[in-house]
Amino acid sequence: MKTDFTSIPVVDIAGLSGTAEEKATVVEALATAAQDVGFMHVTGHGLDPALFDALLAQTKRFFDQPLDEKMKVYIGNSTNHRGYVPQGEEVFSAGSKDLKEAYDLSRDLPATDPEYLAGNPLLGPNQWPDDAAFRQVVNAYYNAVFQVGCRLMGGFALALGLEENAFESRLTRPPSQLRLIHYPYDPSAHDAAGIGAHTDYECFTLLRSTAPGLEVMNQKGEWVDAPPVENAFVVNTGDMLELLSGGRFIATSHRVRKVAEERYSFPLFFSLDYHVRVQPVVPVADGLPAQSLVAGEHLAAQTMQTFNYLKQRVAEGRISLPESHVGLSVFGQEARHGRRGVSIQ
Ligand SMILES: O=C(O)CCC(=O)C(=O)O
Ligand SMILES: [Fe+2]
């Protein structure tokens with residue numbers, strides 16, 4: 001494993017739909033990037049650039065509304081973690097107050113869905129604003145990026161020595177969240193990070209953004225810039241791929257520094273189905289914290305520990321942490337450095 005990466009590799013995934021040889025080249029590049037860096041710029045994904053432009057336009061229109069209007073779809077109105085996230089709602093383990101607002105959605109299941117009705121904390125319908133164009137464009141973007149994610153998951157399966165379709169039957173209705181995030185530019189905000197240091201909780205994340213700001217921690221604990229590359233997704237390995245790969249692929253810690261201009265970003269967190277028990281499919285590297293976790297329960301538990309409205313529901317005994325849960329910052333470099341007693345700012 002390299003110890004000091006200083007830039008983010010580019011991986012062209014077009015070959016995943018090519019000959020066996022082309023596919024093998026992509027799989028090798030995915031494995032190397034996931035192992036050495038945990039972050040990559042993914043090109044050759046085939047997503048129509050016009051779809052991203054349309055998403056950005058709708059997102060700007062949504063956030064431009066007065067707070068009152070946005071609070072009509074406040075995430076705290078929902079039982080399945082969907083809707084508007086005002087500034088200060090989400091707090092990571094270091095206790096940083098993020099300078100960001102967001103609109104969170106996921107796979108739009110019907111309100112009659114039995115798991116939703118039974119109180120599943122992540123599955124069910126989205127909480128849409130009363131705006132047909134917003135809904136149509138956001139749904140179209142979600143579905144298109146989800147398809148890219150399915151191709152990538154096949155690539156990672158091959159990289160782990162499994163069949164390309166090994167996870168297909170466990171991707172039927174995953175709690176894969178899409179966030180529309182707005183980082184306003186506030187010159188008077190001193191030291192306020194856009195988003196505090198964390199790892200992502202799922203298999204991997206596919207992110208597009210409009211400006212620099214994202215920083216990635218290397219194995220030495222230094223922050224490396226990951227500015228956007230035209231028409232590419234930033235893809236980073238999350239907790240579940242770290243677990244599946246026995247620690248070979250690292251859930252790289254990242255943050256958004258105080259922005260120097262207004263910024264929008266769009267991560268889609270690619271998860272396996274809620275009830276899938278995730279455990280290593282290859283021999284485990286030293287220092288891996290947990291042997292097995294349920295994908296949706298891990299995600300729900302991390303969310304319950306970082307969102308104020310959920311922390312309050314836990315404190316009031318209205319909900320409780322799922323059986324399968326670990327604390328914050330258990331995966332990624334922060335955790336590895338922490339275990340070695342190195343303090344990370
Ligand atoms: O805005 C970004 O570039 C990163 C967002 C992020 O890390 C997250 O939402 O988990
Ligand atoms: Fe993240």
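Both ligands and their constituent atoms are indexed starting at 1 by order of listing.
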Is any NZ, NE, NH1 or NH2 atom of the basic residue among Asp104 and Arg179 found under 4.0 Å from an Asp or Glu carboxylate oxygen of the other?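 So Asp104 pairs with Arg179 through a salt bridge.
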Do Arg248 and Glu242 sit within salt-bridge range, that is, some charged N less than 4.0 Å from a carboxylate O?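 Glu242 and Arg248: not salt-bridged.
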Number the atoms of ligand 1 from 1 as they appear, then name those within less than 4.0 Å of a heavy atom of [X], with their elements.
X	answer
Pro267	9 (O)
Arg263	1 (O), 2 (C), 3 (O)
Tyr183	1 (O), 2 (C), 4 (C), 5 (C)
Phe269	8 (C), 9 (O), 10 (O)
Val256	1 (O), 2 (C), 3 (O), 4 (C)

Residue pairs fulfilling salt bridge (Lys or Arg N to Asp or Glu O under 4.0 Å) with at least one residue in residues 66-78, sequence neighbours excluded: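 The answer is Glu69-Lys72, Lys70-Glu101.
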Take Phe266 and Leu180 through the side chain to side chain contact (heavy atoms under 4.5 Å, CB included) test and state the conclusion after the steps. CA-CA 5 Å; Phe266 305 92; Leu180 320 182; 3.7 Å; yes
If we set the cut-off at 4.0 Å for heavy atoms, which region of [X] has an atom near ligand 1: side chain, backbone, both, or neither?
X	answer
His254	side chain
Thr205	neither
Ser209	neither
Ile195	side chain

Distance filter < 2.8 Å from the Fe ion (ligand 2), protein N/O/S hits 3
Is the distance between the ring centroids of His298 and Phe331 less than 6.0 Å? yes
Taking the six-membered ring for Trp and the single ring otherwise, decide whether the centroids of Phe270 and Phe146 are under 6.0 Å apart. yes
Side chain to side chain contact (heavy atoms under 4.5 Å, CB included) assessment of Leu178 paired with Val138: CA-CA 9 Å; Leu178 170 66; Val138 173; 4.3 Å; yes
Under 3.5 Å, is there a donor on one side chain and an acceptor on the other for Trp223 and Asn218?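 The answer is no; no qualifying pair exists.
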Measure the spacing between CG of Leu122 and CZ of Arg107 and express it to the nearest 0.5 Å.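 Interatomic distance, Leu122 CG to Arg107 CZ, rounded to 0.5 Å: 13.5 Å.
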Just so I know, are the side chains of Tyr264 and Ile181 near enough to count as touching, which here means a heavy-atom distance under 4.5 Å?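 No - every pair of side-chain heavy atoms lies 4.5 Å or more apart.
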I'd like to know if the side chain of Asp239 and the backbone of Glu202 have a donor-acceptor N/O pair within less than 3.5 Å. no
From the candidates His182, Glu202, His198, the one that places a heavy atom nearest atom 10 (O) of ligand 1: His198
